Amino acid sequence: MKEILRQLILDAASTAFENKEFISDDVPAFTIEEPKADAHGDLSTNFAMVSAKALKMPPRKIAETLLRLIGDNHPLIEKTEIAGPGFINFFIRPSAWHPVLMEIHEKEAGYGCSTIGHGQKVQVEFVSANPTGPLHVGHGRGAIVGDSAAALLSACGYEVYREYYINDAGRQIQTLGLSVLLRCRELAGQAVEFPEECYQGDYIKDIADELRREKEGWILTLPEAEAVAFCSRFAADRMIIRIRDVLDSLGITFDNWYSEQAMIDSGKVESAIEKFKSQNVIYEKDGALWFNTTDFGDEKDRVVVRNNGQATYFASDIAYHQDKLDRGFDRIVDVWGADHHGYIPRIRAAIEASGKDKKQFTVILTQLVNLLRQGVPVSMGKRSGQFITLKEVIDEVGRDAVRFIFLTRNYDSPLDFDLEVAKQKTNENPVFYVQYVHARISSILKKAKEESIQTVMGVNDPALADILELIREPEEIQIIKHLARYPEIIRQAAELMEPHRVAFYLMELAGNFHAYYNKHRVLTEDAALTAGRIYLIFAVQKVIRNGLTLLGVSAPDSM
RNA sequence: GCGCCUGUAGCUCAGCUGGAUAGAGCAACGGACUUCUAAUCCGUAGGUCGCACGUUCGAGUCGUGCCAGGCGCGCCA
């Protein structure tokens, strides 16, 4: 609808130019949007105001000219008006909205999808939590936002590749291994002193127990270094399995789990360093190797190899991002927690230094999550191991509610997650509000079927046009107008990678539907009217389902 | 001290990259179930958009400076 109007306006503008009524055919960017107030029509454009300067005409005068050229007998338009400082308001004929329903029924799950991505390859790297401890709710937020953003990109014609980067090398993993080894010895009855810097959580004991069952006393006979190395690998593997299981329970899967250790073993880190050395962006100072990130806008240069010969994690990060680009992705997206924001300049530096466009690299920074219970913060002590894990939250609250809550906030805002609120089946928890629409419609359709009412009409059914003429209640037109916006919402949400827009859209659509449901009956004595209304609500259901699917939330047939 | 994020109704949050009279939900108050699911709906009340300047036809939105909160500033991971 917007596109039709846009074309109409552009045509009128160029006619005006040909008639020499406009002195320029240079059309500035103008918008067409749904006004907040119904009195301002169905759609409105600021064309006259934004082009006032270029045309050297007062906005209202421009608007008058345009409207005269558009004429007042266009089939879609009921009336037009000029308002305020120069808005042109269009009132659309109610029946003009009906084709939206036909489009939804034709496209089904494809309604809302687009091809704006043109098959560009996008890699989305998210979660990538270290396998040294269980996932917490902060990871959950990144996981859900990343997964949903990926789904949106996919729906918009990008070729999306989901990847998890496993930090399975370096000091932390050593510590993990040591922690497990010490717990093994403990289980064997040895007296051990458990250092503070080791991981304190009970999951370490669990893994030690698994290890003991599988290997019995064997591990205790190994020399310290070998034992730690073995425990490290064993524990990291077990942690990854746990992490994957939790993510699975949220409906999140990856195309690839990328091992840092494997990357190091393949020599990619070394060669990346060599490459940068030869480009003189890496230099030596005080016995260490430094990356000259300052030249690319960072605050200070960063160490890549320490003077003890050990590479830093940054070295791996450089190689990893090089590798991403080498694999041919047009765009790479990293989803990080806000506590990592200081890393953006250096990673961006690494990308620029390799001759790539920094615009190919985007970071989604999810702000922190405060876990509460009835308004009281739940402590998140890291070292103590005394924190509520993501798994516990999912088990308590449920997958759909967890996902929806994370997706009803802009990821850029800090988020209070109250466990008690998340469990409530009230409107404080809008996931049920939206799902209820789906269930209600399923229920109506089921009943219609039982009463042998035809529920599916073909687009080419000759009776369709007459039946749709009966769909003209204000609430019905309101719903269809809202349905018409869906594809644009999806495009916007994908471009900005802001899934919360979809969640809010769905809540609004749900509101429209519930109001309609309470005011009008779908199954009536009038067969034609009933058919039309079924056609309408069936479309609503499809859009609800499409939206929920993008958010990774189920669409139940009964509740 | 420097950098990033946030500040909108009592609470939790939207606000479509600058549009018209700033919106939802919750909480409060008053109504609607013999009907296709009341996990719903209808109504009332609630605001100096942190503060101050600036940019322009027009600012919650953009710029600058303050104020408040969160996070980050290692040859740590």
Side-chain angles (χ1 to χ4, degrees), chain A residues 31 33-37 39-40 44-46 49-50 52-53 58-59 83-87 89 130 132 167 170-173 175 285-290 299-300 302-314 337-345 365-368 370 375 405 408-410 412-418 421 424-437 439-448 450-451 485 488-489 492-493 495-496 498 500-501 503-505 507-508 510-511 513-524 530 533-534 537 558-559:
Chain A
T31 60
E33 52 191 42
E34 299 85 11
K36 286 176 213 157
H40 296 140
S44 171
T45 181
N46 62 356
M49 288 175 295
V50 295
K53 240 176 207 157
F87 289 103
N89 296 335
N130 290 339
T132 54
N167 279 117
R171 181 71 155 274
Q172 285 196 139
I173 288 295
T175 306
K285 191 181 90 177
D286 303 332
L289 288 181
W290 297 72
E299 294 171 347
K300 53 172 288 194
R302 310 289 172 178
V303 170
V304 179
V305 179
R306 291 187 268 165
N307 63 9
N308 65 6
Q310 283 194 314
T312 62
Y313 274 76
F314 181 40
D339 50 340
H340 289 83
H341 77 254
Y343 294 75
I344 296 174
L365 277 187
T366 62
Q367 292 296 321
L368 300 189
N370 296 310
I405 287 167
T408 41
R409 265 81 173 178
N410 191 331
D412 227 3
S413 302
L415 160 60
D416 289 334
F417 189 107
D418 194 306
V421 173
Q424 284 173 28
K425 299 193 169 175
T426 67
N427 247 353
E428 192 134 6
N429 208 2
V431 63
F432 303 114
Y433 185 76
V434 175
Q435 287 182 317
Y436 192 37
V437 171
R440 266 186 157 170
I441 293 173
S442 282
S443 175
I444 297 171
L445 294 177
K446 188 175 157 215
K447 172 140 187 169
E450 282 165 9
E451 295 178 8
R485 291 183 56 199
E488 192 187 344
I489 295 287
Q492 253 168 20
E495 274 170 12
L496 301 169
E498 291 181 354
H500 76 277
R501 290 171 186 275
F504 278 91
Y505 169 86
M507 289 191 277
E508 221 176 300
F513 174 79
H514 284 312
Y516 173 62
Y517 177 92
N518 272 274
K519 192 162 175 188
H520 303 284
R521 284 190 61 85
V522 173
L523 306 180
T524 66
T530 300
R533 290 186 170 171
I534 286 176
I537 64 162
S558 68
M559 289 173 73

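To find a chain, count down the sequence lines: A is the first, B the second, and so on, and within it residues start at 1. Quick note: numbers below take in every heavy atom, side chains included, and nothing from hydrogens, waters or symmetry partners. Computed from a predicted model, the values in this text were never measured in an experiment.
For B/G72 and B/A28, the P atoms lie 38 Å apart once the distance is rounded to whole Å. Remark: the separation of the P atoms in B/G15 and B/G23 is 15 Å, to the nearest Å. For the C1' atoms, the distance linking B/A9 with B/C5 amounts to 23 Å, nearest Å. Across B/G25 and B/U17, the matching P atoms stand 24 Å from one another, rounded to whole Å. A gap of 11 Å separates the P atoms of B/G60 and B/C51, to the nearest Å. Nucleotides B/C67 and B/C75 have their P atoms positioned 31 Å apart, rounded to a whole Å. The separation of B/C66 from B/G1, taken at their P atoms, amounts to 10 Å, rounded to a whole angstrom. When the C1' atom is used for both B/C36 and B/C41, the distance is 15 Å, rounded to whole Å.
For the pair A/R440 and A/Y517, the cation-pi test (distance below 6.0 Å, angle within 45°) is passed.
As the counterpart of B/U12, B/A24 is assigned, both hydrogen-bonding distances of the Watson-Crick or G-U wobble pattern falling under 3.5 Å. Across all strands shown, B/U40 pairs with B/A32; the Watson-Crick or G-U wobble distances both stay below 3.5 Å. Base pairing analysis places B/G46 opposite nothing; no Watson-Crick or G-U wobble pair with both distances below 3.5 Å involves it. Nucleotide B/G72 forms a pair with B/C2, judged by Watson-Crick or G-U wobble geometry with both contacts under 3.5 Å. With both pairing distances under 3.5 Å, B/G7 is matched to B/C67 as a Watson-Crick or G-U wobble pair. In this structure, B/G54 forms a base pair with B/C62, meeting either the Watson-Crick or the G-U wobble geometry with both donor-acceptor distances under 3.5 Å.
Annotation: of the two residues near RNA chain B, A/S44 and A/Q310, the 5′-most nearest-nucleotide partner is A/S44.
Contact of A/N89 with B/A20 (side chain to base): a donor-acceptor pair of N or O atoms is detected under 3.5 Å.
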Quick one, A/M507 with A/T408, criterion side-chain contact (heavy atoms from CB on, under 4.5 Å). Give me CA distance, side-chain angles, the key distance, then yes/no. CA-CA 10 Å; A/M507 289 191 277; A/T408 41; 3.6 Å; yes

Begin with the C-alpha distance, continue with both residues' side-chain angles, and end with the deciding distance and a verdict on side-chain contact (heavy atoms from CB on, under 4.5 Å) for A/D418 and A/N370. CA-CA 8 Å; A/D418 194 306; A/N370 296 310; over 6 Å; no

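A/H40 places no side-chain N or O within 3.5 Å of a backbone atom of A/A83 that could act as its donor or acceptor partner. Proximity of a side-chain donor or acceptor of A/T312 to a complementary backbone N or O of A/V303 within less than 3.5 Å is detected. The backbone N or O of A/E33 lies less than 3.5 Å from no partner atom in the side chain of A/S44, so there is not a single donor-acceptor pair. Formation of a donor-acceptor pair under 3.5 Å by the A/H341 side chain with backbone atoms of A/A338 is found in this model. At least one donor-acceptor pair under 3.5 Å links the side chain of A/N429 to the backbone N or O of A/Q424. For A/D286 (side chain) and A/A288 (main-chain N/O), no donor-acceptor pair under 3.5 Å exists by modelled atom type. For the pair A/S443 (side chain) and A/A439 (backbone), a donor-acceptor distance under 3.5 Å is absent. Distance alone, capped at 3.5 Å, places no donor-acceptor pair between the A/R306 side chain and the A/V304 backbone.
Considering OH of A/Y433 and CZ of A/F513, their distance stands at 10.5 Å, rounded to 0.5 Å.
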Which pairs, protein N/O on one side and nucleotides 39-43 of chain B N/O on the other, fall under 3.5 Å?
| from | atom 1 | to | atom 2 | distance (Å) |
| --- | --- | --- | --- | --- |
| B/U40 | OP1 | A/N427 | OD1 | 3.0 |
| B/U40 | O2' | A/R440 | NH1 | 3.1 |
| B/U40 | O2' | A/N518 | ND2 | 2.7 |
| B/U40 | O2 | A/N518 | OD1 | 3.4 |
| B/C41 | OP1 | A/Y433 | OH | 2.4 |
| B/C41 | O4' | A/N518 | ND2 | 3.0 |

Below 3.5 Å between N/O atoms, which protein atoms pair up with nucleotides 12-17 of chain B? Just atom names and distances, please.
| from | atom 1 | to | atom 2 | distance (Å) |
| --- | --- | --- | --- | --- |
| B/U12 | O2' | A/R409 | NH2 | 2.3 |
| B/C13 | OP1 | A/D416 | N | 3.3 |
| B/A14 | OP1 | A/N410 | N | 2.5 |
| B/G15 | OP1 | A/H500 | NE2 | 3.0 |
| B/C16 | O2' | A/Q492 | OE1 | 2.9 |
| B/C16 | O2' | A/Q492 | NE2 | 2.2 |

Can you tabulate the close N/O pairs, meaning under 3.5 Å, that link protein atoms to atoms of nucleotides 70-76 of chain B?
| from | atom 1 | to | atom 2 | distance (Å) |
| --- | --- | --- | --- | --- |
| B/C75 | OP2 | A/K300 | NZ | 3.3 |
| B/C75 | O2 | A/N307 | N | 2.9 |
| B/C75 | O2 | A/N307 | OD1 | 3.1 |
| B/C75 | N3 | A/N307 | ND2 | 3.4 |
| B/C75 | N4 | A/D286 | O | 3.0 |
| B/C76 | OP2 | A/R306 | NE | 3.4 |
| B/C76 | OP2 | A/R306 | NH1 | 2.2 |
| B/C76 | N4 | A/Y343 | OH | 2.9 |

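Contacts of A/A83 with the nucleic acid, taken as non-hydrogen atoms under 4.0 Å apart, include base atoms. Within 4.0 Å of A/A439, counting heavy atoms only, lies at least one base atom of the nucleic acid.
As a whole-Å value, the separation of A/H40 NE2 from B/G23 P is 12 Å. One can place CE of A/M507 at 11 Å from P of B/G25, the figure rounded to the nearest angstrom. Regarding A/Q424, its CD atom lies at a distance of 16 Å from the P atom of B/G25, rounded to whole Å.
The glycosidic torsion of B/C33 lies within 90° of 0, placing the base in the syn range. Annotated as syn: B/U17, whose glycosidic dihedral is within 90° of 0.
Looking at A/I344 and A/L365, their side chains come closer than 4.5 Å, going by heavy atoms from C-beta outward.
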